[in-house]
Amino acid sequence: MDRVEGLAKLTGAERYVDDLPFPDDALWGMTVRSPAPRGMIRNVRFGDGVDWSAFVVVDHRDIPGRNVVTLMEDDQPVLAAGEVRHVHEPVLLLGHPDRETLRRAVREVEIEVDPKPAILDFTAEPAPGQIQHGEDNVFERLLIEKGDVEAALAGAHRVVEGTYRTGAQEHVYIENQGMAAWIDDDGRLVVKGSLQCPFYVLKAFCTALDMDANDIRIVQAPTGGGFGGKEEYPSMIALHAALLALAAERPVKIVYDRGEDMAATTKRHPSWSRHRTGVDADGRLVAQEIETVLDGGAYVTLSPVVLSRGVIHAAGPYACDNVRIEGRAVLTNAPPHGAFRGFGAPQTIFANERQMDRVAAAIGMDPVEFRRMNLIENGETTATSQVIDDGADRPALLDRAVELSGWREKEAEHAESNRIHPWRRRGIGLAAFHHGAGFTGSGEVILASEIEVAGLEDGRVEIRSANIEMGQGTLTIFTKIAAEALGLDPGDVAIAEPDTSRVPNSGPTVASRTAMVVGKMLERACGDLVERVGLPEDAVGEDVKEAIRAWRAGHPGATPVGRAEYEKPEGVEWDEETYRGDAYSAYAWAFYVAEVEVDLRTYETRVVDFVALQEVGKVLHEALARGQIQGGVVQGIGWGLLEECVWEEGAMVNNQLTNYIIPTADDVPPIRVEFAEAPYAHGPQGAKGLGELPIDGPAAAVANAVARATGTDPCEIPLTPERLMALIEEGVSDVA
């Protein structure tokens, strides 16, 4: 079926938040931010050349509730009061009818800060005067243990150590952050904007504005991309728009420009990882000791759950009886890092897959054969002692990826080409990985999500869900699931606008959960609707439409509604205290192969071919699934080679798309996508989660290919020309 919202986007008819019509008396809002990474606000000075009486000015004293952005911990203020903990921290809000006048005015406000010692290196131990969270600035510690690692390392035939770094990454969604706020005709506060999680924003509003949820409407506008960047941050900008609207008693719109968006909002967590890997004489893994540290930035945001997913995936898709993984997320005085596609797994998977290649090289073993020997088989357990028995044939998937890539033929071609060519070096690299779908551990049970399917007057149905479309295809997938469950045409299925006043909380649009978890709930809600209108469970098509019309005729003014709540799959158990058990109810599996060319004159790396093979259960919509894979691969190539955030005193200084380099069409290789299917019983039609998987492996596959092409040992990304030059010309073999 065609993409539901595709025509509106193609023709430009889709109305994003910046396109929303606003009354003549509406205001634009902007934020005045801290110039310092840490310190105490001494004074706020308003310039003399501005008529400040024409502006609405809001500070922390205008917040009617608690001055916190409610999320995992209530530590981040809506507006800084006394202390600032990062550059660009919001201090004041200004509102004015004219956007240009407002921009000039923001530049005329000076926030005077008495500096305090800032932490700018997340791997350094803090001095006593730098402690800002708990006893040691650690937001979260996690430990996974299985077997006896020390004994296994002591008895190993070979132990290989490695240290790895990954940098921050900017989301670069097409549409910047934006929110509009106003009071509707019923006296309710309405905020509409670009967001992923309407009920996250609602929860934050109830706390900071001291309002009842029934007096608030959070509405998702068509959203031009998120990748996690519109998971937690929209609560901040939404509160800012609402505070200005309440103070002015007029509608307010805040839309960041690209520079402000890149400088002030969340990014992928930078990481540091250390591995000690033991193997026996045959090359089998006997021990994996892993330590990983994430830079959380100045406030907790979602760092604990990003760390959680990171450590759970850190040992890779391999069988090993002795594993210890220690993880920490720590405070620095950088803008907070937060959700980003992959959610910690790309960082730890990069480290592990580089380590696997380095271990194979150390014992003189082919990297493909080393992985095949160690891949987890059905009946074996993960690092958290979860038994894998999903029917996927991982060795066969690996062999298929190798075959598709022409690995063996290209190895020979590259050896000859590299021998005779004066400046071009070619190489091929592999990454094997997995990704758990849905919230970790007991997360889905705690969420207690629910969804509704309502019968409309004309016999059509309406899906009521808080899950949103941001380019990934939710509207199309939900329409397809419901249409096929009820035997209807896609045109007979409508999807309600995500509005917290009229849709149930089906959970956030994150964690590769929308199709798998919420889609399964949707199937069951469709069945419940059929039963409510008096039909047998297997009724479909025109019988359903006629029964809906008849039910409504017999119940004037009422609407038949089918409902479903999340049901935990039988046998899934997780111990939050020991971090053992079934971390995810289902994993997707992938094997990616990258072929690169390195120019020894410029030290530029070009990816010339890419094979992406994945097992994701039933593929619900091949065109959308293929697009998700290709987009994730491009994003992963960018993170691995190009996208470097440059920091000075805790601030991103290359916050423009002229010098934060992302892949263009010219940088993208042919991406050959292939799917394998091992249907999952608890996903709609057998589907597993898909959206995050493709970001996990590309950077490692590319780095492994560069290592084979150049004989270097890249252990830090992005692998920019400058870093590669240092590796080649200075002989650097590791990153401490």
| query | Between the main-chain N or O of T664 and the side-chain N or O of D667, is there a donor-acceptor pair closer than 3.5 Å? | reply | yes
| query | NZ of K9: more than 12 outside heavy atoms within 6.0 angstrom? | reply | yes
| query | At their closest point, which heavy atom of A432 faces which heavy atom of P317, and how far apart are they? | reply | O-CD, 3.6 Å
| Is there a side-chain contact between I218 and F199 (heavy atoms, below 4.5 Å)? | no
| task | Decide yes or no on side-chain contact (heavy atoms from CB on, under 4.5 Å) for V598 and E604, but give the supporting numbers first. | result | CA-CA 6 Å; V598 176; E604 292 177 293; over 6 Å; no
| note | Separation between CG (L719) and CG (L642), nearest 0.5 Å, reads 10.0 Å
| message | Can you pull out every salt bridge (Lys or Arg N to Asp or Glu O under 4.0 Å) where at least one residue sits in residues 467-478? Sequence neighbours excluded, please. | response | R3-E469
| said: For a salt bridge (Lys or Arg N to Asp or Glu O under 4.0 Å) check, start with the C-alpha distance between R532 and D528, then their side-chain angles and the critical distance, and finish with the verdict. | reply: CA-CA 6 Å; R532 286 179 185 274; D528 188 52; 2.7 Å; yes
| said: For E450, is there an ion pair with R464 - N to carboxylate O distance below 4.0 angstrom? | reply: no
| request: Scan side-chain atoms only and decide if T514 and T474 contain a donor-acceptor pair under the 3.5 Å cut-off. | output: no
| message | By the definition side-chain contact (heavy atoms from CB on, under 4.5 Å), identify the one residue from E170, Q635, E231, H269 that meets it with F340. | response | Q635
| query | Are any non-hydrogen side-chain atoms of L430 and L398 less than 4.5 angstrom apart? | reply | yes
| Expected output: side-chain R394 to main-chain I376 donor-acceptor under 3.5 Å | yes
| field | salt bridge (Lys or Arg N to Asp or Glu O under 4.0 Å) partners of D499, counting only residues at least two apart | value | R217
| Student check: side-chain heavy atoms of P718 and W639 closer than 4.5 Å | no
| Judged by atom type as modelled, is there a donor-acceptor pair below 3.5 Å linking the side chain of D492 to the main-chain atoms of G459? | no
| If you measure from the Lys or Arg side-chain nitrogens to the Asp or Glu carboxylate oxygens, is any gap between R606 and E597 under 4.0 Å? | no
| query | Distance-only, no hydrogens or angles: does the T476 side chain make a donor-acceptor pair with backbone N or O of V4 under 3.5 Å? | reply | yes
| message | Return the OG to CD distance between S449 and E565, rounded to the nearest 0.5 Å. | response | 9.5 Å
| task | Establish, for the pair R513 and F439, whether the NZ or CZ atom is under 6.0 angstrom from the six-membered ring centre and no further than 45 degrees off its axis. | result | yes
| If you measure from CD on E444 to CD on E567, what distance do you get to the nearest 0.5 Å? | 13.0 Å
| message | Within this structure, what is the CD-CZ distance for the pair E615 and F591, rounded to the nearest 0.5 Å? | response | 10.0 Å
| Under the 3.5 angstrom rule, does the side chain of H313 hit a backbone N or O of F433 as a donor-acceptor pair? | no
| request: Decide yes or no for F478 and I495: does some side-chain heavy atom of the first lie under 4.5 Å from some side-chain heavy atom of the second? | output: yes
| field | Main-chain N/O of Y584 paired with D582 side-chain donor or acceptor, under 3.5 Å | value | no
| said: I'd like to know if the side chain of R672 and the backbone of L404 have a donor-acceptor N/O pair within less than 3.5 Å. | reply: yes
| said: If you apply the rule salt bridge (Lys or Arg N to Asp or Glu O under 4.0 Å), what do you find for R400 with E674, and how did you get there? | reply: CA-CA 9 Å; R400 179 59 177 155; E674 184 160 315; 2.8 Å; yes
| For Y200 and E232, does a side-chain donor sit closer than 3.5 Å to a side-chain acceptor? | no
| message | I'd like to know if D458 pairs up with R549 as an ion pair, taking the criterion as any Lys NZ or Arg NE/NH1/NH2 lying under 4.0 Å from an Asp or Glu carboxylate oxygen. | response | no
| query | P669 and I637: which non-hydrogen atoms are nearest, and at how many Å? | reply | CD-CD1, 4.0 Å
| field | Student check: side-chain heavy atoms of I548 and L529 closer than 4.5 Å | value | yes
| field | Test item: Q196 side-chain N/O and T509 main-chain N/O as donor-acceptor pair under 3.5 Å | value | yes
| Yes or no on side-chain contact (heavy atoms from CB on, under 4.5 Å) for V445 and Y566, after CA distance, side-chain angles and deciding distance? | CA-CA 7 Å; V445 175; Y566 174 74; 4.1 Å; yes
| request: Compute whether any side-chain donor of one residue and acceptor of the other, for E692 and S512, lie under 3.5 angstrom apart. | output: yes
| So, do T440 and V305 sit near enough that their side-chain heavy atoms are less than 4.5 Å apart? | no
| task | List the atom of P504, the atom of I451, and the distance in Å for their closest heavy-atom pair. | result | CG-CA, 3.9 Å
| query | So how far is it from E643 CD to H171 NE2, rounded to the nearest 0.5 Å? | reply | 11.0 Å
| field | Contact summary for V518 and S465, nearest pair of heavy atoms | value | CG1-OG, 4.4 Å
| field | Charged N-O contact under 4.0 Å between E175 and K230 | value | yes
| query | What residues, two or more places apart in sequence or in another chain, satisfy salt bridge (Lys or Arg N to Asp or Glu O under 4.0 Å) together with E622? | reply | R626
| query | Looking only at side chains, do E403 and S405 share a donor and an acceptor under 3.5 Å apart? | reply | no
| Does D609 come within less than 4.0 Å of K410, counting only side-chain N to carboxylate O? | yes
| request: Run the numbers on Q177 and Y233 for side chain to side chain donor-acceptor pair (under 3.5 Å), then give the verdict. | output: CA-CA 9 Å; Q177 299 273 359; Y233 194 85; over 6 Å; no
| message | Looking at every non-hydrogen atom in both residues, tell me the closest pair between A494 and R460 and how far apart they are. | response | CB-NH1, 3.8 Å
| query | When rounded to the nearest 0.5 angstrom, what distance separates CD in Q472 from OG1 in T223? | reply | 9.5 Å
| Enclosure of R15 CZ (heavy-atom neighbours >12, cutoff 6.0 Å) | no
| message | Less than 6.0 angstrom from the centroid, inside 45 degrees of the normal: does K688 satisfy that with respect to the ring of Y587? | response | no
| Distance only, no hydrogens: is a donor on one side chain within 3.5 Å (strictly under) of an acceptor on the other, for N467 and S506? | yes
| message | Tell me if a side-chain donor or acceptor on N176 pairs with a main-chain N or O of Y256 at a distance below 3.5 Å. | response | yes
| query | Looking only at side chains, do Y592 and Q614 share a donor and an acceptor under 3.5 Å apart? | reply | yes
| Counting only N and O atoms by type, is there a donor-acceptor contact under 3.5 Å from the side chain of R309 to the main-chain atoms of G436? | yes
| message | Before you tell me yes or no, could you show the steps for E537 and V530 under side-chain contact (heavy atoms from CB on, under 4.5 Å), namely the whole-Å CA-CA distance, both residues' side-chain angles and the distance that decides it to 0.1 Å? | response | CA-CA 6 Å; E537 187 176 339; V530 168; 5.8 Å; no
| message | If I compare all heavy atoms of A564 with all of A525, which pair ends up nearest, and what's the gap? | response | CB-N, 3.7 Å
| query | Mind checking whether L456 and V461 have side chains closer than 4.5 Å, heavy atoms only? | reply | no
| query | Does the pair E452/R563 count as a salt bridge with the N-to-O cut at 4.0 Å? | reply | yes
| query | Please walk me through it: do Y318 and T382 pass side chain to side chain donor-acceptor pair (under 3.5 Å)? | reply | CA-CA 7 Å; Y318 304 108; T382 67; over 6 Å; no
| Check: Q656 and M262 side chains under 4.5 Å, non-hydrogen atoms | no
